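Here the structure is laid out as structure tokens; the discussion comes afterwards.
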Amino acid sequence: MNTQQNIYKPKDFENKWQDKWEETHIFRALDFSDRPKYYSLVMFPYPSGDLHMGHMRVYTISDVISRHRRMLGYNVLNPMGFDAFGLPAENAAIERKVPPKQWTEKNIDYMKNQQLKRMGTSYDWEREVISCNSDYYKWTQWIFLQFYKNGLAYQKEAPVNWCEKCQTVLANEQVEDGMCWRHDDTPVIKRMMKQWFLKITNYAEELLSDIDKLSGWPERVKLMQKNWIGKSEGAEIEFYVDGRPDLKIPVFTTRPDTIYGVTYLVLAPEYKLVSELTTKENKIKIEEYIKQTGLLTEVERLSENKEKTGVPLGSFAVNPFNGKKIPIWISDYVLLDYGTGAVMGVPAHDERDFEFATKYKLDIKQVISVDGLERKLSAAYIDPGIMMNSDIFNALDNESGKKKTIEHAESKGFGKKRITYRLRDWLISRQRYWGCPIPVIYCEDCGVVPVPESNLPVLLPEDVELTGSDGSPLLRAKNWLEVNCPKCSKKGRRETDTMDTFICSSYYFLRYSDAKNDKEVFSKNNINYWLPVDQYVGGIEHAILHLLYSRFFTKSLRDFGLLKFDEPFANLLSQGMVTMFSQKEGKIAKMSKSKGNIVGTSEFFNEYGADAARLFILFAAPPEQEVEWSTQGAIGQYRFLERIWRLFFNLKENVFKGTTFSPYEGFVGIQNLNSVSQELYRIANQTIKTVSEDISDKKYTFNTAIARMTELVNAMYKFLLDKKSFDENEKSVLSFSFTNLIKLLAPLAPHITEELWEKFSGVYSIHQQKWPSFDKEALITDEVELVIQMGGKKIDVLTTKKGQAQKDLEKIALSHEKVKARLEGKELVKIVVVPDKIVNIVVK
RNA sequence: GCCCUUGUGGCGGAAUGGUAGACGCAACGGACUUAAAAUCCGUCGGGCUGUAUAAGUCCAUGCCGGUUCGACUCUGGCCAAGGGCACCA
């Protein structure tokens, strides 16, 4: 029992099986099958070139789910691809003079063959999508044209987020705390630019209300999306300019009940009427203020500590409710792109307005209080109350006041009910080279002309020089840039901005359903067969970004008639991050290259194998929680695998000796077994039951599944201890236990189980075996453990016959020595009996 | 400021109203070995009493209360850590 083959050496066979799985296509998803379909998806990676243990988690979790479903008999789609456009490739090109395409392809090759494959993943690579390849981005462009045709893609001049380091604009979702999401040291600047937007706001209401349909999503993700969409209900009320009844200034407010308390209006500095409404004597001041505002970063402008500033225009507006004249100001705390870009100032009932009015000595007029009587105000009164100083609305409670004032405005024609969302339209233009070209041509005569679908793809020119300065290199790609207008054939010029890469990732999961189709983005049959995704696994960092965009794309494509479902991802699992101590940060932090706390996959695989790494990552914590990487802990899982490996040879060579040792299919039956065998048989079946539950989509607690399997292995070792010979029944139980153990373990540790299965059965492959079922008979026992409590405290645990009557259990408890001793001198209050579980005796 | 999540041994975690600490890591002891490693078998929350590796007993799931025969689990308040939103009118 000390031969070479008895030593567990994953290096000897992990790669062998990975190659064989690929050659035999056992993970191929069939378009249409009698078996039920299951779409298992993991967020496709950006090809940065080197995966570490931190990345490994998401792929492992998703792989276990896929492999388990196959064993359950599903036709599983488990695809993989690369989100291959993006800035890092371009930056690498500038620094190292390697063309982005070459850099990207090299990374993809390495990640695919040296990393993802070496983890033992079970992807159907025949459906691979690479977003920077023209056979993919042709469809990115095609989809853009559908948005354009349907009026959901448009250009507008707007204050947009600019990152100086990225040298491009960003979507709102890509700004975190006023900083660029890629550069947390670079504040975003607002710039006025003409850019392409997608009208995601058209879907704000549906994106919000359909969140309630997402029963398979984590609550925290749903909540984050709700907050991001940020619905608020109120009214739009039109003030008009004094002396200029033709000029109207609509404002949005959630507090129409405070309309009689308005003492001024404030416009965003970028508001279009500002210069027209500025009087001569204020002109210089106003221009100066607008200039100042333009220089501020978003962080500075939105900082709450910053004292509010503003300048009066010199002109006046009229409150349509009471005809009162009020001054018009501009201030940078008013945002152009929310509501109407203008707000009414009600200092008595809004904290910001109170601060502003106090500073600039503007009137403060109270219109609501607890009891409807005027009170001294030292701060804004924002609580509910009774209205006053409000003409016909006096003495109303302010909630009904909201309704009544809106009704009044509607009947008079100067206002209406309005709902506003915090969500803004999605800015998709990027002033970068390495992205999908926006298929649009500018013609002097025809204006904006979309590239005809038959001319797609608009290829990204490859013979460009990347300098990192002077704007996009596409501006200098003359041959590419200058084209004839598709409409009038006169001279035209291509759009040089490329698309946000989040566009590419907003439909890749749809394309997987029909990845090789060169006629359509996907066929109706394929899309409606495979989608929605049954289980999506990915990081919490996409709680808003990618997941919101993808929902928006799905709903839009549905409305274009391309697919038939409302939501793309039925179930979502947001795995926690992998952490490790970082010298640089001086604390435990997310594993990442920049923090210098990474453990590479190859080093560990070479030493201990991918199976041990997979098991550790699954074992250390439930999937949603953080996991701190511990090589020591991973070695613990390696030892577990070693124990299984040795167990196999021990059984084969010592227990079964000359006789055949092969898988035991079916049940042994508990009747004929002696008590020790019964015990092991029971544990084996209990293991099948609990592991099946733990690994199922109801729980996904892989950590406890592994613990249960460890217990079974421990029990088998115990069974073998000090025993020299085994009868047929005992051998059957051992074989049964081992057979089911490796089947249960197969999705989690695919290599060792495949290798042992081959040695055990001679059959390929364990991953095509049926998932085990358990022998219900074996779990029926006639004895149970009965806990005796007094006043809720445990006194003793007895083994008793199952199914005894309440009275009998009471008797057992009351005749217990310790109970008798404690009852002395006390009064028995009552006895609580939970049959087969507990007897609790309450005394006074 | 508002909203959400999480607090359990030396450590990761288990137990969602019924035996707190499964399983693993670390540590310690024993067997095997000339020895070490590996392996196999054990011990492993804390206090106190103790015949002392027996047996007993009390305390313990962030803190203070509540509901209940019984609370890590439900509930109210507080504290701490992490996350989201934040001049959104």
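Predicted, not measured: the structure shown is a model, and the values here were computed from it. Just so it is clear: chains get the letters A, B, ... in the order the sequence lines come, proteins before strands, and each one is counted from 1.
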Residues [X] and [Y] bridged, charged N to O under 4.0 Å:
X        : Y        : answer
A:Glu810 : A:Lys807 : no
A:Lys699 : A:Glu693 : no
A:Glu219 : A:Lys222 : yes

Where the side chain of [X] is defined as all heavy atoms beyond and including C-beta, which of [options] is the nearest nucleotide?
X        : options                : answer
A:Arg643 : B:rC88, B:rA89, B:rC40 : B:rC40
A:Arg646 : B:rA89, B:rA22, B:rU39 : B:rU39
A:Leu721 : B:rC23, B:rC41, B:rC25 : B:rC41
A:Thr710 : B:rC23, B:rG18, B:rA20 : B:rC23
A:Lys718 : B:rC87, B:rG42, B:rC69 : B:rG42
A:Lys793 : B:rC59, B:rA89, B:rC25 : B:rC59
A:Arg822 : B:rU19, B:rU57, B:rC23 : B:rU57
A:Gln632 : B:rC23, B:rA26, B:rG18 : B:rA26
A:Tyr333 : B:rC69, B:rA86, B:rC87 : B:rC87
A:Arg422 : B:rC88, B:rA89, B:rG18 : B:rC88

Residue-phosphate contact under 4.0 Å: A:Lys837 side-chain N/O, B:rG18 OP1/OP2: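 Result: no.
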
- Message: Check this one for me: any side-chain N or O of A:Tyr421 less than 4.0 Å away from OP1 or OP2 of B:rC88?
- Response: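 So the side chain of A:Tyr421 is outside the cut-off, no N or O lying under 4.0 Å from OP1 or OP2 of B:rC88.
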
Does [X] reach a base, just sugar-phosphate, or nothing at all? Heavy atoms under 4.0 Å.
X        : answer
A:Ser232 : sugar-phosphate
A:Asp337 : nothing
A:Val797 : base
A:Val334 : base

Write down the distance separating the [atom1] atoms in [N] and [M], rounded off to the nearest Å.
N      : M      : atom1 : result
B:rC78 : B:rC2  : P     : 11 Å
B:rC88 : B:rG10 : C1'   : 49 Å
B:rC58 : B:rG1  : P     : 45 Å
B:rG7  : B:rC64 : C1'   : 16 Å
B:rG42 : B:rU53 : C1'   : 11 Å
B:rU61 : B:rU8  : C1'   : 4 Å
B:rC4  : B:rG12 : C1'   : 25 Å
B:rU6  : B:rU16 : P     : 16 Å

Integer-rounded Å distance: [N] [atom2] and [X] [atom1]:
X        : N      : atom1 : atom2 : value
A:Tyr608 : B:rA38 : OH    : C1'   : 12 Å
A:Trp329 : B:rC87 : CH2   : C1'   : 17 Å
A:Arg352 : B:rA86 : CZ    : C1'   : 11 Å
A:Leu335 : B:rC87 : CG    : C1'   : 7 Å
A:Asn6   : B:rA38 : CG    : C1'   : 14 Å
A:Asp836 : B:rG18 : CG    : P     : 16 Å
A:Lys402 : B:rA89 : NZ    : P     : 11 Å
A:Leu641 : B:rC23 : CG    : P     : 18 Å

Notebook entry, point to check: With sequence neighbours left out, what residues match A:Glu607 under side chain to side chain donor-acceptor pair (under 3.5 Å)?
Noted result: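 For A:Glu607, no residue satisfies side chain to side chain donor-acceptor pair (under 3.5 Å) once neighbours in sequence are set aside.
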
RNA chain B nearest-nucleotide lookup for A:Gly636 and A:Glu785: closer to the 5′ end is A:Glu785

By nearest-heavy-atom nucleotide on RNA chain B, the more 5' of A:Ile841 and A:Ser630 is A:Ser630

Here the residues of residues 682-692 of chain A within 4.0 Å heavy-atom distance, strictly under, of RNA chain B are none

Can you tell me if [X] uses its side chain to pair, donor with acceptor, with the backbone of [Y] under 3.5 Å?
X        : Y        : answer
A:His349 : A:Val367 : yes
A:Asp611 : A:Ile752 : yes
A:Thr263 : A:Asp363 : yes
A:Arg614 : A:Leu748 : yes

*Mind telling me whether A:Tyr8 and A:Trp645 have parallel, tilted or perpendicular rings, with 30° and 60° as the class edges?*
tilted

Exercise. Parallel, tilted or perpendicular for A:His542 and A:His546, by the 30°/60° rule?
Worked result: perpendicular

- Message: Taking salt bridge (Lys or Arg N to Asp or Glu O under 4.0 Å) as the cut-off, I'd like each qualifying pair that reaches into residues 334-352 of chain A, sequence neighbours left out, listed once.
- Response: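 Sorted result for residues 334-352 of chain A: A:Asp337-A:Arg424, A:Asp350-A:Arg352.
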
Where RNA chain B forms runs of at least three Watson-Crick or G-U pairs (i with j, i+1 with j-1, under 3.5 Å), the stems are B:1-7 with B:79-85, B:10-12 with B:23-25, B:27-31 with B:39-43, B:45-49 with B:55-59, B:62-66 with B:74-78

| request: Could you classify B:rG9 for me, syn or anti, using a glycosidic angle within 90° of 0 as syn? | output: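 Base orientation: syn.
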
Closest non-hydrogen atom pair between A:Arg57 and A:Ala621, with its separation =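 Closest approach of A:Arg57 to A:Ala621: NH2-O, 4.0 Å.
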
In terms of heavy-atom contacts, A:Val251 and A:Val343 come closest through CG1-C, 3.9 Å

| said: Before you tell me yes or no, could you show the steps for A:Tyr264 and A:Tyr360 under ring pair (Phe, Tyr, Trp, His ring centres under 6.0 Å), namely the whole-Å CA-CA distance, both residues' side-chain angles and the distance that decides it to 0.1 Å? | reply: CA-CA 11 Å; A:Tyr264 61 98; A:Tyr360 292 107; 9.1 Å; no

Counting primed atoms, P, OP1 and OP2 as sugar-phosphate and everything else as base, the B/S/- map of nucleotides 3-17 of chain B against protein heavy atoms under 4.0 Å is SS-------BSS---

Review item, side-chain donor-acceptor pairs of residues 705-715 of chain A, under 3.5 Å, at least two apart:
unit_1	atom_1	unit_2	atom_2	d
A:Arg708	NE	A:Glu711	OE1	2.6
A:Arg708	NH2	A:Glu711	OE1	3.4
A:Thr710	OG1	A:Ile706	O	2.8
A:Asn714	OD1	A:Arg643	NH2	2.8

